[in-house]
Structures are given as structure tokens and as C-alpha cells.
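Remember, predicted model here, so these are calculated numbers, not experimental data.
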Amino acid sequence: MFSNLSRHDPTHHLRSQAGVSWIAEPATRDQWVELHGASDPVHHQTPMWLDALLAAERGRDATRAYRSGDGRRLILPLVAQGPTPRLSRYRSLPYGWGNPGLLATSPPTADDLGVVFEDLDALGGVHVGVRTWLDDQDAWQNACPDRFESIEHQTHTADISAGFDRYWDTTLSGSTRTKVRKAEKLGVEVASGEAGAQLPEFYSIYEDWTVERGAGRSIPHAVAVALARRRNPLRKLDAVASALGPDFVVWVASVDGTPVAANIQLFSGTHSTYWRGFDRRREAGRTRATYLLQSRMIEEACRRGCRWHHMGESGGVASLVQFKTTFGAEARTYREYYRERIPYMRAGQALDSVRGRIEQSLLRRRRTS
């Protein structure tokens, strides 16, 4: 999946503000694998993740490697999408594929990151953007040049390093433990499968969830299903399952033999990630199946020796934030940095605003009809 793209993504010789010389070049698979093995990456910082991305979406690997004169090394996962380098969007990573930030032999300084910004700017293209990982936020912010803009995002992460028993006793709220026990008493059954097992059940629940939400917004059934398949095509999930193998786990909760909720959990080193989750709201809400699923996922993460359980972004939805905080997940912020020669971000935000106004108008008409 990785190829030599030096014709498109050139080698740059750079010097930091502190006078340290750097070489920025297209990353080879060996460079990435070596640095990956020397660190504790999250799944979206791994070569396998990029394999899955490129199998599911159009684009080419444009990952950058940085070598300093004093022996430090950095890897920035990067994807180029576009017909030519000049007309490409360089993103780390495309929307929906995580925020990898940098893999590094030591925590990067603002001076180091200044070199990264210079290199990204030199690649050209109509857009270049980096969604940073949770660490090193001050360094990224201090390094960001004026010509780059930024957006703040919020995600939630739970510390599970003390093990599941202590997590259950001291981190979970009493009401959450009660909901988990209620699900068990009502006979909710939970099954899990690795490497894509139970993906059909997961996808069926996802489509039903989308249709249910669409009905509340006056979106026809066929349109809702089409939108669901476009946003999260099954080939994308299949590609990730194939790339991650046993580190890709589908969890399904069933009531009386009928699936009512399903989650996808990803593993990498000491990191567990709640990547996707959907439910058939009426049945899942009545039985508290989503609480039991999350509890079992965290229990499995502790069994595998994970220290962190990442629960992702909530898009400002209060109910999602509350659900995550009841599992002990704390809010953490990170920033996305970008520079555009064609205003894709602004155009996307304007489109979202128009879409929101149309949906609100449809809802008002439905209430008054």
C-alpha cells in the first residue's frame, strides 16, 4: 500500500529557529514501522490504519518523515487526495479517520514543530491540515505560524490503568452501575467478535438508527439509508477490520435474540478506542443495553492491559457528553491546524449551516401540518 512518492512529495532541507538542521522527506514503511515499535501509538498512528484508509477511500500516502541533525525522528501520517499534487488536499488525516498527530522519539518542541509547519506549507496543494493528538498541545500552539488557522475540538478519555475492579468501584457513578446491573437482570446478552465478525449485525443497527433519526427530521426512509451508506460505507469498516484483525472487535447486545445495540472497539498497545456505536433506541433505552456494552468493552480493555479508553468526540451533543462522563471519561481538547488556498473549510461550514436551516424548516412545517 505504501509507495515511493518522492516525485510528488519532495525532500526538503530545513533549519529550525534554534539552528538545528532537519531533513523532511517521504516516509518509508520501514521508517514508520521502526518508530511505531519504539512508541505506544493509538490505532490511527499506525501503518495498518493508513492501509485501511487507502483501501476504503481515494488518495495516496503522503506520510512525512523528519530527521534532525542531532538524531531525533518524527513521523507525520498524511494523505493526499486530488488529481495532481498542486490540486491535492493534504490531510492528517481525512475527516472520520482520527487525529494522529506525530510519532516521535521524544516529545517535540515548538521549535521542532515549526519545521513541520514549514514542510507542510512547502508541499503546496489547495489545502493542508493536521489534526493533532492530545499530547504536546502547547508546543503545537506556540509553533503555529500566522498563515495557518486552527479549530478546537473536544474528546473524552477515561483512565482505566488501575484495572477493572477498581474502575468499577471508584470511577463509575452509582447510577451507571445500577443501569449496568439492570441490563443484566433484564437478560441482555452481549457477544463480541474479532476481525469483522458480527459486522452485518452492526451495520443493520446502524442503518436502522439512521432511519429513526431521519424520520424525526422528515427524511424519507430510502434517502436516510442512502446517506448512511455514504457516510459510513461497509467497505470502510471491512477495510479496517481486515487491517487490524484481532484488534478490531464488534460488540452486539441482544434482547430475546434480537440485536438492539452494537459498538466497534479498537485496540493498539495501551489504548482502547470506542470507535463507533449505534442502537435501536426504544429497545436499547428500555433495557440499558448501551451501558452494559460499554462496561464490557472497558472490562475487555483492562483484561488486555490498556491504560486508556478513548470515547471520542460528541459534536456538542449534551446527551453523549453526559453518557461518556458517567463512565469516568474526562474532556480533553486538541486543535486542528490548516492552511487553505481554496476555502474548503469555510465552504463546508456554510453548507452545514444551510443544511441545518433546511432541516429546521422541515421540522417546523411538520409540527404545524
Side-chain angles (χ1 to χ4, degrees), residues 36 39-46 49 74-77 91-104 106-110 112-113 116-117 129-144 148-164 166-168 170-173 176 247 263-277 290-291 294-295 297-302 304-338 345:
H36 166 268
S39 58
D40 181 29
V42 184
H43 63 275
H44 49 237
Q45 296 174 318
T46 66
W49 187 253
L74 310 171
I75 294 285
L76 178 70
R91 294 186 291 176
S92 181
L93 287 169
Y95 179 77
W97 287 96
N99 49 314
L102 282 167
L103 275 80
S106 59
T109 66
D112 301 337
L113 295 175
V116 174
F117 277 115
V130 177
R131 295 167 66 89
T132 61
W133 184 229
L134 302 177
D135 301 325
D136 312 314
Q137 288 300 304
D138 288 343
W140 278 103
Q141 200 158 357
N142 291 334
C144 181
F148 277 75
E149 299 182 68
S150 69
I151 303 173
E152 187 173 274
H153 300 273
Q154 185 183 83
T155 186
H156 282 78
T157 295
D159 183 344
I160 58 173
S161 57
F164 186 75
R166 185 166 180 81
Y167 167 83
W168 175 271
T170 64
T171 303
L172 284 185
S173 66
T176 301
D247 290 330
N263 294 346
I264 294 177
Q265 183 176 21
L266 309 177
F267 294 98
S268 179
T270 64
H271 301 276
S272 160
T273 301
Y274 168 37
W275 190 45
R276 295 286 189 273
T290 57
Y291 286 84
Q294 199 66 223
S295 174
M297 288 168 60
I298 294 173
E299 187 174 6
E300 174 64 13
C302 291
R304 293 193 183 206
C306 296
R307 295 179 54 85
W308 310 101
H309 183 62
H310 305 289
M311 299 187 73
E313 298 181 36
S314 302
V317 179
S319 60
L320 289 178
V321 172
Q322 182 181 13
F323 177 78
K324 294 171 184 180
T325 55
T326 62
F327 279 91
E330 297 183 354
R332 299 183 67 182
T333 59
Y334 70 91
R335 302 195 75 83
E336 174 181 1
Y337 297 92
Y338 67 95
M345 298 283 279

So [Y] and [X], do their side chains get closer than 4.5 Å, heavy atoms only?
X: Tyr338; Y: Arg91; value: no
X: Asp159; Y: Tyr167; value: no
X: Pro77; Y: Leu93; value: yes
X: Trp308; Y: Thr273; value: no
X: Met297; Y: Asn263; value: yes

Whether [X] side chain and [Y] backbone form a donor-acceptor pair below 3.5 Å:
X: Thr325; Y: Val321; result: yes
X: Lys324; Y: Thr157; result: no
X: Ser173; Y: Thr176; result: yes
X: Asp40; Y: Thr270; result: yes
X: Ser268; Y: His271; result: no
X: Thr171; Y: Trp168; result: no
X: Asn142; Y: Ala139; result: no
X: Thr155; Y: Gly312; result: yes
X: Gln141; Y: Asp138; result: no
X: Thr132; Y: Arg335; result: yes

Indicate the atoms forming the closest heavy-atom contact of [X] with [Y], along with that distance.
X: Gly96; Y: Arg276; value: O-NH2, 3.5 Å
X: Met311; Y: Phe323; value: CE-CE2, 4.2 Å
X: Phe164; Y: Glu299; value: CD1-CA, 3.5 Å

Next item on the list: Not counting sequence neighbours, which residues clear salt bridge (Lys or Arg N to Asp or Glu O under 4.0 Å) with Arg332? List them please.
Entry: Asp135

Checklist line | Residues forming a salt bridge (Lys or Arg N to Asp or Glu O under 4.0 Å) with Glu313, sequence neighbours excluded | finding: Arg131

About how many Å separate [atom2] of [Y] and [atom1] of [X], when rounded to the nearest 0.5 Å?
X: Ser272; Y: Arg307; atom1: OG; atom2: CZ; result: 14.0 Å
X: His36; Y: Thr46; atom1: NE2; atom2: OG1; result: 5.5 Å
X: Cys306; Y: Ile298; atom1: SG; atom2: CD1; result: 11.0 Å
X: Ser92; Y: Leu102; atom1: OG; atom2: CG; result: 7.5 Å

Note to self: For His310 and Trp133, take the angle between the two ring planes, folded into 0 to 90°, and tell me which bin it lands in: parallel under 30, tilted 30 to 60, perpendicular over 60.
What the structure shows: perpendicular

Checklist line | Mutual orientation of the aromatic rings belonging to His153 and Tyr334 [parallel < 30°, tilted 30-60°, perpendicular > 60°] | finding: parallel

Notebook entry, point to check: For the ring pair Trp140 and Phe117, is the centre-to-centre distance below 6.0 Å?
Noted result: yes

Margin query: Between His44 and Trp97, does the side chain to side chain contact (heavy atoms under 4.5 Å, CB included) criterion hold? Intermediate values first, please.
Written below: CA-CA 7 Å; His44 49 237; Trp97 287 96; over 6 Å; no

Next item on the list: List the steps and the verdict of side chain to side chain contact (heavy atoms under 4.5 Å, CB included) for Leu103 and Leu76.
Entry: CA-CA 7 Å; Leu103 275 80; Leu76 178 70; over 6 Å; no

Note to self: For a side chain to side chain contact (heavy atoms under 4.5 Å, CB included) check, start with the C-alpha distance between Tyr274 and Gln265, then their side-chain angles and the critical distance, and finish with the verdict.
What the structure shows: CA-CA 5 Å; Tyr274 168 37; Gln265 183 176 21; over 6 Å; no

Notebook entry, point to check: Does CD belonging to Gln154 count more than 12 external heavy atoms closer than 6.0 Å?
Noted result: yes

Margin query: Within the supplied structure, the quantity of interest is the number of heavy atoms (other residues, nucleotides, ligands) at a distance under 6.0 Å from Arg304 CZ; does it exceed 12?
Written below: yes

Next item on the list: Walk me through it: do His309 and Phe327 pass the test side chain to side chain contact (heavy atoms under 4.5 Å, CB included)?
Entry: CA-CA 10 Å; His309 183 62; Phe327 279 91; over 6 Å; no

Item checked: Residues that Gln322 engages under side-chain hydrogen bond (donor to acceptor under 3.5 Å, both in side chains), provided they are two or more places apart -> none

